[in-house]
Number of protein chains: 2
Amino acid sequence: MRHIAESTIRRLSLYLRFLEEFEQGGISTVSSEELAQRGGTTSAQVRKDLSFFGSFGKRGLGYDVHELAERLRQIMGLGREWKVIIIGAGKIGTALAAYRGFRERGFSVIAVYDSSPDKIGGKVDGFTVRDIRNLSRDAQREKPDIAVLTIPAEGAQEVVDRLVASGIRAVLSFAPAQLQVPPTVALKNMNMAMELESLSFALTNQD
Amino acid sequence: MRHIAESTIRRLSLYLRFLEEFEQGGISTVSSEELAQRGGTTSAQVRKDLSFFGSFGKRGLGYDVHELAERLRQIMGLGREWKVIIIGAGKIGTALAAYRGFRERGFSVIAVYDSSPDKIGGKVDGFTVRDIRNLSRDAQREKPDIAVLTIPAEGAQEVVDRLVASGIRAVLSFAPAQLQVPPTVALKNMNMAMELESLSFALTNQD
DNA sequence: ACATGTGAACTGCTTCACAGCG
DNA sequence: CGCTGTGAAGCAGTTCACATGT
């Protein structure tokens, strides 16, 4: 497949959410203009984004809400269940483990890990916190798809290296660190400090 | 000032973190190439990013770590304390209220709000959870700089409208919704579902 | 008539490459 | 000589505008 821009993927994810809202609202047809307004973009952008994957609309009419939603789910790989492990049983890790929204969208937490003896063996939302030293062994057996890192920046690279060696292919990191992974592994960062600093810049430099 | 790209701001935030690590490590001089390697970019990119704000380096030598860090803090508006309120005393809101890293970087949580009678009046990391109905009144008195939204998508727009009316100028939203704000208000989203779906796409479409 | 799908034009970010200066 | 600072070139993502199909 031709290379797809990250920004396109993020918009597809948005469109899908809107389509699901329309589905629930009983709306059966939608135009690129309507999707664009909801998503804060333009109708041409919506059509271009979709055009990378095919032609899903009817000229003069628009898109069938249910059909387009189904296509997007297929494109995004959301027709299946992804096995997620959470590394770090601190506040954020615990909050994520308890978050029901993930499962609804096909992301199932299967285990929570930590390195602290205080946490290992304890319960987090029904999961017994596992010793991070068993990560590689477990990963080879259970083959998780996505690892979510909710650990401090120090040591994060070491854990990522271990995950990669165990065959993980996708990582979502909350650690405020720039992690190195081979090009075969997908890595996304959620860096709250960076977002707050962006806001600080905006506040400082807006009139 | 000439318009600065969001991507540039995010990199400056990265560079600053690296510089602070170098400062702690006792390294006094750094080249654009060294910053680039750490940040996964190129030396030309680093120099271009900095060039929007001035010339901070010495030709043939590089940048003074301490001086450049100071300049970046100034550019990003990190020389002062920003007052942060957290809206939503659920798992994520509670985790953020307790996170010490924010204060260290100049972001001080001054209050936590919720709409649930179960939560209002309770304690979250030393803060008495306030009734969200008092948000406007409090905001006018306390003038928070940044609101962090950790509430469900439903109702998020209404809360944002209230915040905007109360004079807030920066919002960091964890709600999986596309919020509308006037152009005078800076808005950043942290959308975990979107990041996970990006990873799902990558897993599905990588060979 | 209406809204899609898409080449072409445009905009803006990134990379190049080298002049400038310590 | 080495590394910065920066115009120019290159490239990627967005917007335009219209031919196409219903």
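Naming convention: chains lettered A, B, ... in sequence-line order (proteins, then strands); numbering from 1 in each chain.
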task = Applying salt bridge (charged side-chain N to carboxylate O under 4.0 Å, His left out), run through R10(A) and E195(B) and close with a yes or a no.
result = CA-CA 8 Å; R10(A) 298 172 66 87; E195(B) 301 301 331; 2.7 Å; yes
request  = Can you measure from CZ (R17(A)) to CZ (F22(A)) and round to the nearest 0.5 angstrom?
outcome  = 13.5 Å
request  = Please work out if T8(A) contacts a base, only the sugar-phosphate, or nothing of the nucleic acid, heavy-atom cut-off 4.0 Å.
outcome  = nothing
remark   = To the nearest 0.5 Å, atom OG1 of T204(A) lies from atom CD1 of I75(B) at 11.0 Å
ask   = Is the NZ or CZ atom of R38(A) both under 6.0 Å from the centre of the six-membered ring of Y15(A) and within 45° of that ring's axis?
value = no
ask   = Does anything in residues 45-57 of chain B reach DNA chain C, meaning a heavy atom under 4.0 Å, and if so which residues?
value = Q45(B), R47(B), K48(B)
ask   = Which part of the nucleic acid, if any, lies within reach of S7(B) when heavy atoms closer than 4.0 Å are counted: base, sugar-phosphate only, or nothing?
value = sugar-phosphate
ask   = Could one point to a donor on the side chain of R59(A) or the base of dT4(C) with an acceptor on the other under 3.5 Å away?
value = yes
inquiry  = Within this structure, what is the CG-CG distance for the pair L78(A) and L12(A), rounded to the nearest 0.5 Å?
reply    = 10.5 Å
ask   = Which residue, T42(A) or K58(A), contacts DNA chain D at a nucleotide closer to its 5' end, judged by nearest heavy atom?
value = T42(A)
task = Would you check, one step at a time, whether the test side-chain hydrogen bond (donor to acceptor under 3.5 Å, both in side chains) holds for D138(A) with Y113(A)?
result = CA-CA 11 Å; D138(A) 296 352; Y113(A) 291 86; 2.8 Å; yes
key: OP1 or OP2 of dC2(C) under 4.0 Å from side-chain N/O of S31(A)   = no
ask   = Does a nitrogen or oxygen in the side chain of Y63(B) sit under 4.0 Å from OP1 or OP2 of dG22(C)?
value = no
